[in-house]
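First up is the structure itself, then whatever we jot down about it.
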Amino acid sequence: MELLVIGASRGTGRRLVEQAVRQGHEVRAMIRDPQQAAGLEGVGATTVVGDLEGELDHAFEHVDAVAFCAGSGSKTGPDATLRVDLHGAVRTFDACAAHGVQRYVMLSSIAAGDPLRGRESIRHYLAAKHAADRILLASGLEATVVRPGGLTDDPGTGRVRLGTPDLGERGTIPREDVAAVMLACLERPTTVGAVFEVISGGTPIPEAIGAL
Ligand SMILES: NC(=O)c1ccc[n+]([C@@H]2O[C@H](COP(=O)([O-])OP(=O)(O)OC[C@H]3O[C@@H](n4cnc5c(N)ncnc54)[C@H](OP(=O)(O)O)[C@@H]3O)[C@@H](O)[C@H]2O)c1
(Lines give C-alpha, C1' and ligand atoms only; values in the text may rest on other atoms or scores of the structure.)
Protein backbone atom coordinates (compact mmCIF):
# COMPACT_ATOMS: atom_id res chain seq x y z
CA MET A 1 0.00 0.00 0.00
CA GLU A 2 1.26 3.51 -0.85
CA LEU A 3 0.17 5.56 2.15
CA LEU A 4 0.16 9.36 2.26
CA VAL A 5 0.56 10.62 5.83
CA ILE A 6 -0.52 14.23 6.30
CA GLY A 7 1.02 15.87 9.38
CA ALA A 8 3.99 13.52 9.22
CA SER A 9 6.68 15.75 10.72
CA ARG A 10 5.99 15.01 14.38
CA GLY A 11 3.42 13.77 16.87
CA THR A 12 1.13 10.92 15.91
CA GLY A 13 1.83 11.28 12.20
CA ARG A 14 5.57 10.77 12.67
CA ARG A 15 4.91 7.60 14.67
CA LEU A 16 2.50 6.36 12.00
CA VAL A 17 5.17 6.86 9.33
CA GLU A 18 7.66 4.78 11.30
CA GLN A 19 5.18 2.00 12.08
CA ALA A 20 3.85 1.79 8.51
CA VAL A 21 7.38 1.56 7.07
CA ARG A 22 8.17 -1.21 9.56
CA GLN A 23 5.02 -3.06 8.38
CA GLY A 24 6.35 -2.96 4.82
CA HIS A 25 4.19 -0.17 3.39
CA GLU A 26 5.39 2.48 0.97
CA VAL A 27 4.97 5.73 2.91
CA ARG A 28 4.83 9.24 1.49
CA ALA A 29 5.22 11.76 4.29
CA MET A 30 3.73 15.21 3.64
CA ILE A 31 5.72 18.00 5.26
CA ARG A 32 5.69 21.80 5.06
CA ASP A 33 9.38 22.39 5.65
CA PRO A 34 11.90 20.63 3.33
CA GLN A 35 14.34 20.59 6.25
CA GLN A 36 12.11 17.93 7.85
CA ALA A 37 12.74 15.53 4.94
CA ALA A 38 16.03 13.99 6.06
CA GLY A 39 14.68 12.58 9.31
CA LEU A 40 11.69 10.99 7.60
CA GLU A 41 13.71 9.65 4.68
CA GLY A 42 16.12 8.24 7.26
CA VAL A 43 13.37 5.94 8.57
CA GLY A 44 12.48 4.78 5.04
CA ALA A 45 9.70 7.12 3.90
CA THR A 46 9.64 9.31 0.84
CA THR A 47 8.63 12.93 1.38
CA VAL A 48 6.51 15.47 -0.42
CA VAL A 49 6.23 19.15 0.43
CA GLY A 50 2.65 20.36 0.74
CA ASP A 51 0.53 22.65 2.87
CA LEU A 52 -3.11 22.30 3.90
CA GLU A 53 -3.35 26.08 3.40
CA GLY A 54 -1.55 26.02 0.05
CA GLU A 55 -0.40 23.62 -2.65
CA LEU A 56 -1.28 20.02 -1.83
CA ASP A 57 -2.86 18.39 -4.89
CA HIS A 58 0.41 16.95 -6.24
CA ALA A 59 0.90 14.93 -3.02
CA PHE A 60 -2.07 12.66 -3.88
CA GLU A 61 -0.79 11.25 -7.18
CA HIS A 62 -0.57 7.40 -7.22
CA VAL A 63 -1.61 7.11 -3.56
CA ASP A 64 -3.68 4.15 -2.27
CA ALA A 65 -4.69 5.54 1.11
CA VAL A 66 -4.49 8.71 3.18
CA ALA A 67 -4.01 9.15 6.92
CA PHE A 68 -4.78 12.65 8.21
CA CYS A 69 -2.80 13.39 11.38
CA ALA A 70 -2.42 17.17 11.05
CA GLY A 71 -3.74 19.83 13.35
CA SER A 72 -3.27 23.54 13.86
CA GLY A 73 -2.19 22.93 17.46
CA SER A 74 -3.40 24.25 20.77
CA LYS A 75 -1.45 27.52 20.57
CA THR A 76 -3.26 28.89 17.52
CA GLY A 77 -6.60 30.67 17.50
CA PRO A 78 -9.96 29.59 16.09
CA ASP A 79 -9.09 31.04 12.66
CA ALA A 80 -6.17 28.63 12.18
CA THR A 81 -8.29 25.76 13.50
CA LEU A 82 -10.86 26.48 10.80
CA ARG A 83 -8.24 26.80 8.07
CA VAL A 84 -6.29 23.63 8.95
CA ASP A 85 -8.52 21.20 10.87
CA LEU A 86 -11.66 21.95 8.85
CA HIS A 87 -10.97 23.57 5.50
CA GLY A 88 -7.55 21.94 5.10
CA ALA A 89 -9.09 18.54 5.78
CA VAL A 90 -11.93 19.15 3.31
CA ARG A 91 -9.39 20.12 0.65
CA THR A 92 -7.73 16.72 1.13
CA PHE A 93 -11.09 14.96 0.59
CA ASP A 94 -11.42 16.84 -2.70
CA ALA A 95 -7.85 15.93 -3.66
CA CYS A 96 -8.63 12.25 -2.98
CA ALA A 97 -11.68 12.45 -5.25
CA ALA A 98 -9.64 14.17 -7.97
CA HIS A 99 -6.92 11.49 -7.87
CA GLY A 100 -9.13 8.42 -7.40
CA VAL A 101 -7.91 7.75 -3.85
CA GLN A 102 -10.60 5.82 -1.99
CA ARG A 103 -9.27 4.91 1.46
CA TYR A 104 -9.03 7.57 4.20
CA VAL A 105 -8.37 7.36 7.94
CA MET A 106 -9.02 10.55 9.90
CA LEU A 107 -7.42 11.41 13.24
CA SER A 108 -10.19 13.37 14.91
CA SER A 109 -10.77 13.91 18.64
CA ILE A 110 -12.72 12.51 21.54
CA ALA A 111 -15.96 14.51 21.95
CA ALA A 112 -15.95 15.56 18.28
CA GLY A 113 -19.23 13.69 17.95
CA ASP A 114 -20.81 16.25 20.28
CA PRO A 115 -18.72 19.42 20.67
CA LEU A 116 -20.97 20.63 23.49
CA ARG A 117 -19.46 17.79 25.60
CA GLY A 118 -16.12 19.61 25.54
CA ARG A 119 -14.76 22.44 27.65
CA GLU A 120 -15.94 25.81 26.38
CA SER A 121 -12.37 26.83 25.48
CA ILE A 122 -12.01 24.01 22.94
CA ARG A 123 -15.52 23.86 21.52
CA HIS A 124 -14.49 25.70 18.33
CA TYR A 125 -11.83 23.01 17.81
CA LEU A 126 -14.29 20.18 18.45
CA ALA A 127 -16.80 21.84 16.12
CA ALA A 128 -14.15 21.98 13.37
CA LYS A 129 -13.33 18.29 13.89
CA HIS A 130 -17.05 17.43 13.98
CA ALA A 131 -17.73 19.20 10.69
CA ALA A 132 -14.68 17.67 8.96
CA ASP A 133 -15.69 14.18 10.13
CA ARG A 134 -19.25 14.62 8.83
CA ILE A 135 -18.10 15.93 5.47
CA LEU A 136 -15.68 13.00 5.18
CA LEU A 137 -18.35 10.43 6.06
CA ALA A 138 -20.70 11.94 3.47
CA SER A 139 -17.99 12.21 0.80
CA GLY A 140 -18.21 8.70 -0.61
CA LEU A 141 -14.61 7.95 0.40
CA GLU A 142 -13.93 4.68 2.26
CA ALA A 143 -13.48 6.45 5.56
CA THR A 144 -12.67 5.52 9.15
CA VAL A 145 -12.80 8.17 11.89
CA VAL A 146 -10.56 7.66 14.94
CA ARG A 147 -11.34 9.92 17.94
CA PRO A 148 -8.64 9.60 20.61
CA GLY A 149 -8.59 11.01 24.13
CA GLY A 150 -5.76 13.24 25.36
CA LEU A 151 -2.53 12.39 23.52
CA THR A 152 0.65 11.60 25.47
CA ASP A 153 4.25 10.84 24.52
CA ASP A 154 4.33 7.78 26.82
CA PRO A 155 5.47 4.51 25.24
CA GLY A 156 2.66 2.56 23.60
CA THR A 157 1.04 -0.24 25.57
CA GLY A 158 -0.65 -1.91 22.58
CA ARG A 159 -3.90 -2.03 24.56
CA VAL A 160 -6.93 0.23 24.18
CA ARG A 161 -10.55 0.81 25.05
CA LEU A 162 -12.94 1.70 22.22
CA GLY A 163 -16.39 3.26 22.23
CA THR A 164 -18.56 3.26 19.12
CA PRO A 165 -19.29 6.03 18.66
CA ASP A 166 -18.82 7.36 22.26
CA LEU A 167 -16.91 6.09 25.29
CA GLY A 168 -18.94 8.07 27.80
CA GLU A 169 -15.74 8.84 29.73
CA ARG A 170 -12.50 10.78 29.29
CA GLY A 171 -9.01 9.37 29.21
CA THR A 172 -5.61 9.54 27.60
CA ILE A 173 -3.68 7.45 25.11
CA PRO A 174 -0.07 7.46 23.87
CA ARG A 175 0.41 8.80 20.34
CA GLU A 176 2.23 5.54 19.57
CA ASP A 177 -0.96 3.57 20.27
CA VAL A 178 -3.11 5.96 18.21
CA ALA A 179 -0.75 5.43 15.29
CA ALA A 180 -1.04 1.66 15.74
CA VAL A 181 -4.84 1.95 15.81
CA MET A 182 -4.82 3.99 12.58
CA LEU A 183 -2.53 1.49 10.88
CA ALA A 184 -4.69 -1.42 12.03
CA CYS A 185 -7.71 0.35 10.50
CA LEU A 186 -5.89 0.93 7.21
CA GLU A 187 -5.09 -2.78 7.04
CA ARG A 188 -8.69 -3.92 7.76
CA PRO A 189 -11.37 -3.06 5.17
CA THR A 190 -14.02 -4.01 7.78
CA THR A 191 -13.31 -0.69 9.52
CA VAL A 192 -14.62 1.34 6.56
CA GLY A 193 -17.49 3.45 7.88
CA ALA A 194 -16.45 3.02 11.53
CA VAL A 195 -16.40 6.02 13.88
CA PHE A 196 -15.04 5.42 17.37
CA GLU A 197 -13.46 7.01 20.43
CA VAL A 198 -10.32 5.41 21.83
CA ILE A 199 -8.31 5.68 25.06
CA SER A 200 -5.84 3.38 26.78
CA GLY A 201 -7.41 0.19 28.05
CA GLY A 202 -7.01 -3.54 28.36
CA THR A 203 -7.84 -4.89 24.89
CA PRO A 204 -5.01 -5.65 22.45
CA ILE A 205 -5.28 -3.31 19.44
CA PRO A 206 -5.76 -6.07 16.79
CA GLU A 207 -8.60 -7.56 18.85
CA ALA A 208 -10.27 -4.18 19.46
CA ILE A 209 -10.06 -3.17 15.79
CA GLY A 210 -11.00 -6.65 14.60
CA ALA A 211 -14.25 -6.41 16.58
CA LEU A 212 -15.39 -3.25 14.76
N1 LIG B 1 -3.32 16.91 21.78
C2 LIG B 1 -4.33 16.11 22.12
O3 LIG B 1 -4.49 15.75 23.30
C4 LIG B 1 -5.27 15.63 21.05
C5 LIG B 1 -6.38 14.85 21.41
C6 LIG B 1 -7.20 14.34 20.42
C7 LIG B 1 -6.94 14.61 19.09
N8 LIG B 1 -5.87 15.40 18.75
C9 LIG B 1 -5.63 15.64 17.32
O10 LIG B 1 -4.66 14.71 16.88
C11 LIG B 1 -3.96 15.23 15.74
C12 LIG B 1 -2.45 15.02 15.92
O13 LIG B 1 -2.01 15.67 17.07
P14 LIG B 1 -0.47 15.52 17.52
O15 LIG B 1 -0.36 16.27 18.79
O16 LIG B 1 -0.06 14.11 17.44
O17 LIG B 1 0.29 16.27 16.32
P18 LIG B 1 1.14 17.63 16.39
O19 LIG B 1 2.40 17.36 17.14
O20 LIG B 1 0.25 18.76 16.85
O21 LIG B 1 1.53 17.81 14.85
C22 LIG B 1 0.65 18.46 13.97
C23 LIG B 1 1.10 18.15 12.56
O24 LIG B 1 0.25 18.87 11.65
C25 LIG B 1 1.10 19.54 10.71
N26 LIG B 1 0.47 20.74 10.20
C27 LIG B 1 0.02 21.82 10.89
N28 LIG B 1 -0.48 22.74 10.03
C29 LIG B 1 -0.32 22.23 8.78
C30 LIG B 1 -0.62 22.71 7.49
N31 LIG B 1 -1.14 23.93 7.28
N32 LIG B 1 -0.33 21.92 6.42
C33 LIG B 1 0.23 20.69 6.59
N34 LIG B 1 0.55 20.18 7.81
C35 LIG B 1 0.26 20.95 8.88
C36 LIG B 1 2.36 19.85 11.50
O37 LIG B 1 3.42 20.14 10.63
P38 LIG B 1 4.58 21.23 10.97
O39 LIG B 1 5.72 20.46 11.59
O40 LIG B 1 4.92 21.82 9.64
O41 LIG B 1 4.00 22.25 11.91
C42 LIG B 1 2.53 18.55 12.27
O43 LIG B 1 3.13 17.56 11.46
C44 LIG B 1 -4.40 16.68 15.62
O45 LIG B 1 -5.40 16.78 14.62
C46 LIG B 1 -5.01 16.98 16.97
O47 LIG B 1 -6.00 17.97 16.86
C48 LIG B 1 -5.04 15.91 19.70
Side-chain angles (χ1 to χ4, degrees), residues 4-19 27-40 43 45 47-60 66-92 95 104-115 117-119 121-133 136 144-154 156 160 162-163 166-167 170-183 195-200:
L4 174 65
V5 179
I6 299 172
S9 66
R10 52 194 162 92
T12 310
R14 171 65 189 244
R15 289 159 177 85
L16 178 58
V17 169
E18 292 174 7
Q19 292 182 25
V27 180
R28 191 179 305 173
M30 191 172 111
I31 50 175
R32 286 192 289 184
D33 180 354
Q35 290 190 343
Q36 295 165 334
L40 288 155
V43 300
T47 55
V48 61
V49 175
D51 192 326
L52 292 166
E53 297 189 67
E55 285 296 316
L56 55 73
D57 220 52
H58 59 286
F60 291 75
V66 170
F68 186 98
C69 302
S72 64
S74 56
K75 295 188 181 76
T76 52
D79 54 340
T81 305
L82 284 176
R83 292 197 311 270
V84 174
D85 298 65
L86 177 51
H87 189 242
V90 172
R91 294 183 71 224
T92 69
Y104 199 108
V105 175
M106 168 61 85
L107 176 46
S108 176
S109 172
I110 199 165
D114 178 7
R117 262 173 71 202
R119 291 191 313 274
S121 60
I122 61 163
R123 282 190 194 152
H124 66 281
Y125 159 78
L126 294 173
K129 293 289 193 200
H130 177 93
D133 292 354
L136 173 61
T144 306
V145 176
V146 179
R147 292 175 170 166
L151 302 178
T152 75
D153 287 330
D154 295 337
V160 294
L162 258 58
D166 298 328
L167 274 164
R170 294 192 183 285
T172 61
I173 180 168
R175 287 179 171 84
E176 206 167 296
D177 283 336
V178 176
V181 164
M182 293 180 77
L183 188 54
V195 180
F196 61 89
E197 293 186 349
V198 58
I199 58 176
S200 290

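Atoms within a ligand are numbered from 1 in the order they appear, just like the ligands themselves.
Heavy atoms of Gln36 come nearer than 4.0 angstrom to ligand 1 in at least one pair. Not a single heavy atom of Ser72 sits less than 4.0 Å from an atom of ligand 1. Contact between Arg83 and ligand 1 is absent, with no heavy atom of the residue lying under 4.0 Å from the ligand. Under a 4.0 Å heavy-atom criterion, Ser108 is in contact with ligand 1. The closest approach between any non-hydrogen atom of Gly149 and ligand 1 is below 4.0 Å. Residue-ligand proximity: Asp33 is placed with every non-hydrogen atom at 4.0 Å or more from ligand 1.
Residue nearest to atom 3 (O) of ligand 1, selected from Leu151, Asp85, Asp153: Leu151 (by heavy-atom distance). Heavy-atom proximity to atom 35 (C) of ligand 1, evaluated over Arg14, Arg32, His87, Arg10, is greatest for Arg32. For the residues Cys69, Ala111, Ala70, the heavy atom positioned nearest atom 12 (C) of ligand 1 is part of Cys69. Heavy-atom proximity to atom 26 (N) of ligand 1, evaluated over Ser109, Gly73, Gly71, is greatest for Gly71.
Expressed to the nearest 0.5 Å, how far CG of Leu126 lies from CZ of Arg119 amounts to 8.5 Å. The line from CG of Leu40 to OG of Ser9 is 7.5 Å long, rounded to the nearest 0.5 Å. Here CZ of Arg28 is found 10.5 Å from OG1 of Thr47. Values are rounded to the nearest 0.5 Å. A distance of 6.0 Å separates CD1 in Ile122 from OG in Ser109, rounded to the nearest 0.5 Å. With rounding to the nearest 0.5 angstrom, the CG atom of Leu162 is 7.0 Å from the CG atom of Leu167. Atoms OH and CG, on Tyr104 and Leu4 in that order, are 8.5 Å from each other to the nearest 0.5 Å.
In the vicinity of Thr12, heavy-atom distances shorter than 4.0 Å reach the ligand 1 atoms 16 (O). Set against the non-hydrogen atoms of Pro148, the atoms of ligand 1 under 4.0 Å away are 6 (C), 7 (C). Ligand 1 places these atoms under 4.0 Å from at least one heavy atom of Gly7: 23 (C), 24 (O), 25 (C), 43 (O). Near Leu107, the atoms of ligand 1 lying under 4.0 angstrom from a non-hydrogen atom of the residue are 10 (O), 11 (C), 12 (C). For ligand 1 and Gly150, the ligand atoms under 4.0 Å from any heavy atom of the residue are 3 (O).
For atom 17 (O) of ligand 1, the nearest non-hydrogen atom of the protein is Gly11 CA, 4.0 Å. Atom 32 (N) of ligand 1 has its closest protein heavy atom at Leu52 N, 2.9 Å. In this structure, atom 14 (P) of ligand 1 lies nearest to the protein heavy atom Arg175 NE, 3.5 Å. Looking from atom 31 (N) of ligand 1 to the surrounding protein, the closest heavy atom is Asp51 OD1, 2.9 Å. Summary of contacts: the protein heavy atom closest to atom 42 (C) of ligand 1 is Ser9 OG, 3.5 Å. Among all non-hydrogen protein atoms, the one lying nearest atom 9 (C) of ligand 1 is Tyr125 OH, 3.4 Å.
Counting only residues at least two apart or on different chains, the salt bridge (Lys or Arg N to Asp or Glu O under 4.0 Å) pairs with a member in residues 47-60 are Glu53-Arg83.
Taking the side chain as every heavy atom from C-beta outward, Phe196 and Val146 approach each other to under 4.5 Å.
In this structure a side-chain-to-backbone donor-acceptor pair under 3.5 Å is present from Glu197 to Ala111. Using modelled atom types, no side-chain atom of Arg170 and backbone atom of Gly149 make a donor-acceptor pair closer than 3.5 Å. Within the 3.5 Å criterion, the main-chain N or O of Val195 finds no donor-acceptor partner in the side chain of Arg147.
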* To do: Apply the test side chain to side chain contact (heavy atoms under 4.5 Å, CB included) to residues Ile173 and Thr152: give CA-CA distance (whole Å), side-chain angles for both, the deciding distance (0.1 Å), then the verdict.
  => CA-CA 6 Å; Ile173 180 168; Thr152 75; over 6 Å; no
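Checking each of Leu16, Val17, Ile6 against Cys69 for a side-chain contact (heavy atoms from CB on, under 4.5 Å) leaves exactly one that passes, namely Leu16.
Contacts with ligand 1 closer than 4.0 Å are made by side-chain heavy atoms of Lys129 only, the backbone lying farther away.
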